Amino acid sequence: MVQSDTQRRSLHGQWSSRLTFILALSGSAVGLGNIWKFPYIAGVNGGGAFVLVYLVCVFVIGLPIMMSEILIGRRGRRNPIDTMRLLGEEEGGTKRWRVVGFLGVIASFLILSYYSVVAGWAVAYIFEGASGIFVDTDAVGVGEIFEELTGSWVTSGLWHTLFMVMTVFVVARGVKQGLERAVRILMPALIGLLLLLLGYSMIEGNFAEGVAFMFAPKFDELTSEGVLAALGHAFFTLSIGMGAVMAYGAYLPEETSIVATSFAVICIDTSIAILAGLVIFPIVFAYGLDPAEGPGLIFHSLPIAFGQLPGGTVIATVFFLLLTFAAWTSGIALMESPVAWLMESRGMGRPITAILIGTIIWAMGFLSILSFSALADFEFGWGTFFDNLDFLTSNIMLPLGGFAIAIFAGWIMCANSTSDELSMGVGRRYGMWRWFTRFVAPVAVMLVFLNAIGVI
Ligand code: TRP
């Protein structure tokens, strides 16, 4: 017998409105992924063709999986582990699906541990930028500033600590007092700052070249690793494949449309990534910098340009403030599912749970911090600890998690349950979602995987 969610309630309350849910979920989606990672991996993978593959992944794989995660979350109304256990039992007669939730919670720990380190750099750069230190500093000087920060585990560690404290502070206050308030202020501010920067880059940057780099597809520069990176990034940027969206979905009021909200969130996230590229690449090209410089692109290359630009001090400050806001609302979302899980399973209070989880993640963060100093030469797998954490989570754990979620929503859950949550009846639109969830998304993920490991 399949229970309807009307009988279930989340321990943590509900989002106050559809708009707050959209803000919260886009707050989770829009983050370092859009502003730091997307431009640099697009740069490394040659631009246009990569962007195209990424867009296809977002709409063809990302959208159905995001809808699936929200509907699973709302139906279970618990943390991802218990939701998967509960629905697994109801719909599939086995508790084993909780493994998917469990891997998701592990991914939250791993991602936040390195995410917070980069976010800490962003916070540090607000102050660096405002101090005017980049003004008329040459490439070497800017490089030294970056190395001074990342090369010292103490300095980097302090900024990482500050970011973790900011994140714990919001999560400890709960869904209404913490999460909602934060996203209501930070998301509009973020969009305002981004538009300001866009206007600036149109005037001062080499806009035409930036646009061409992002949109003119050069397929010969796209490798199978590039395709895997585009897929992994689609998962990463949408925060899907790890139960984080499920956790937010658990607080979604009954009557809110999952289709409309997912679509809105995906459009917001994609637009912000593209706009961030349109801010960054024109400035990079105007100063003859290298778009393929890698993770240091916005901390290392961009400040060189800020130092030369008129009003560069203000623009640098605004840029890193934007980055910090974006990272903050994502950090909050990364913590929510582990916190909800511990609270629900152990009956612990929210503040203490947030502090406990925050402390564990904070300590794990030092592995990433040291990847830029003492452990910089210690490479294995895909590189340093930091590189491995990033590759393992984005390119392996999230796509596999998303694959499992699609299989669960498409094949294990009965059509009554899913169409009930999506409130679409069983018409054509529902049929489309189901077809994408059952076939297109899982097959696409598998193809990219097999291609990346060289099987096809
Ligand atoms: N989407 C975030 C970004 O683009 C990163 C992220 C991945 C995330 N998974 C998440 C954020 C889960 C919150 C929850 O920066």
Side-chain angles (χ1 to χ4, degrees), residues 21 23-42 54 57-58 62 65-66 69-70 73 79-80 101 103-122 163-164 167 170-171 179 182-183 186-187 190 194 229-251 262 265-266 268-277 295 298 322-341 357 361 389-402 405:
F21 179 66
L23 288 179
L25 203 54
S26 6
S28 132
V30 175
L32 295 174
N34 304 58
I35 304 168
W36 162 69
K37 204 170 170 193
F38 172 69
Y40 98 68
I41 50 175
Y54 153 81
C57 290
V58 162
I65 293 185
M66 177 173 278
E69 262 200 58
I70 303 178
N79 66 80
L103 288 176
V105 169
I106 299 206
S108 307
F109 278 88
L110 298 178
I111 294 180
L112 188 52
S113 81
Y114 77 84
Y115 202 85
S116 167
V117 173
V118 180
W121 299 345
F163 183 79
M164 282 309 300
T167 304
V170 175
V171 176
L179 276 56
V183 296
L186 296 176
M187 290 310 287
L190 184 150
L194 188 64
L231 174 81
H233 188 66
F235 280 90
F236 184 85
T237 191
L238 298 176
S239 311
I240 55 176
M242 53 185 279
V245 172
M246 226 180 262
Y248 271 20
Y251 317 146
S262 319
V265 170
I266 291 205
I268 293 173
D269 185 76
T270 309
S271 321
I272 293 187
I274 304 269
L275 291 181
I298 61 171
L322 163 80
L323 190 60
T324 301
F325 284 0
W328 197 6
T329 52
S330 299
I332 296 167
L334 279 161
M335 267 193 79
E336 181 59 21
S337 72
V339 166
W341 166 61
I357 304 253
I361 296 175
L389 281 174
D390 181 25
F391 193 95
L392 179 72
T393 50
S394 308
N395 294 2
I396 299 177
M397 293 180 79
L398 302 192
L400 284 182
I405 288 166

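Both ligands and their constituent atoms are indexed starting at 1 by order of listing. Just so it is clear, the structure is predicted and the values come from calculations on it, not from any experiment. By convention here, the first residue in the shown sequence is residue 1.
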Can you tell me which residue and heavy atom of the protein come closest to [atom], and the distance to 0.1 Å?
atom	answer
atom 15 (O) of ligand 1	Tyr115 OH, 2.5 Å
atom 7 (C) of ligand 1	Phe236 O, 3.2 Å
atom 9 (N) of ligand 1	Met242 SD, 3.2 Å
atom 8 (C) of ligand 1	Ser239 OG, 3.3 Å
atom 2 (C) of ligand 1	Ser28 O, 3.4 Å

Ring-plane angle category for Tyr114 and Phe236, please: parallel below 30°, perpendicular beyond 60°, tilted otherwise.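 Judged by the thresholds at 30° and 60°, the geometry between Tyr114 and Phe236 is parallel.
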Query raised in the report: Can you say whether the rings of Tyr54 and Phe38 are parallel (under 30°), tilted (30 to 60°) or perpendicular (over 60°)?
Result: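 Correct class here is tilted.
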For ligand 1, which atoms sit closer than 4.0 Å to a heavy atom of [X]?
X	answer
Thr237	1 (N), 4 (O)
Leu32	15 (O)
Ser330	11 (C), 13 (C)

For the pair Asn395 (side chain) and Leu392 (backbone), establish whether a donor and an acceptor sit closer than 3.5 Å, ignoring hydrogens and angles.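 It does not hold such a pair.
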- Task: Look only at interatomic distance and state if Ala244 has a nitrogen or oxygen under 3.5 Å from any nitrogen or oxygen of ligand 1.
- Result: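 No, there is no polar N/O contact under 3.5 Å.
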Does any N or O of ligand 1 fall below 3.5 Å from an N or O anywhere on Ala29, backbone included?
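Between Ala29 and ligand 1, an N or O pair is found under 3.5 Å apart.
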Between [X] and [Y], a side-chain donor and acceptor under 3.5 Å:
X	Y	value
Asn79	Ser337	no
Lys37	Thr237	no
Ser330	Ser28	no

#### Entry: side chain to side chain contact (heavy atoms under 4.5 Å, CB included), paired with Ile266, selected from Asp269, Thr270, Ile268
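Running side chain to side chain contact (heavy atoms under 4.5 Å, CB included) over Asp269, Thr270, Ile268 with Ile266 returns exactly one hit, Thr270.
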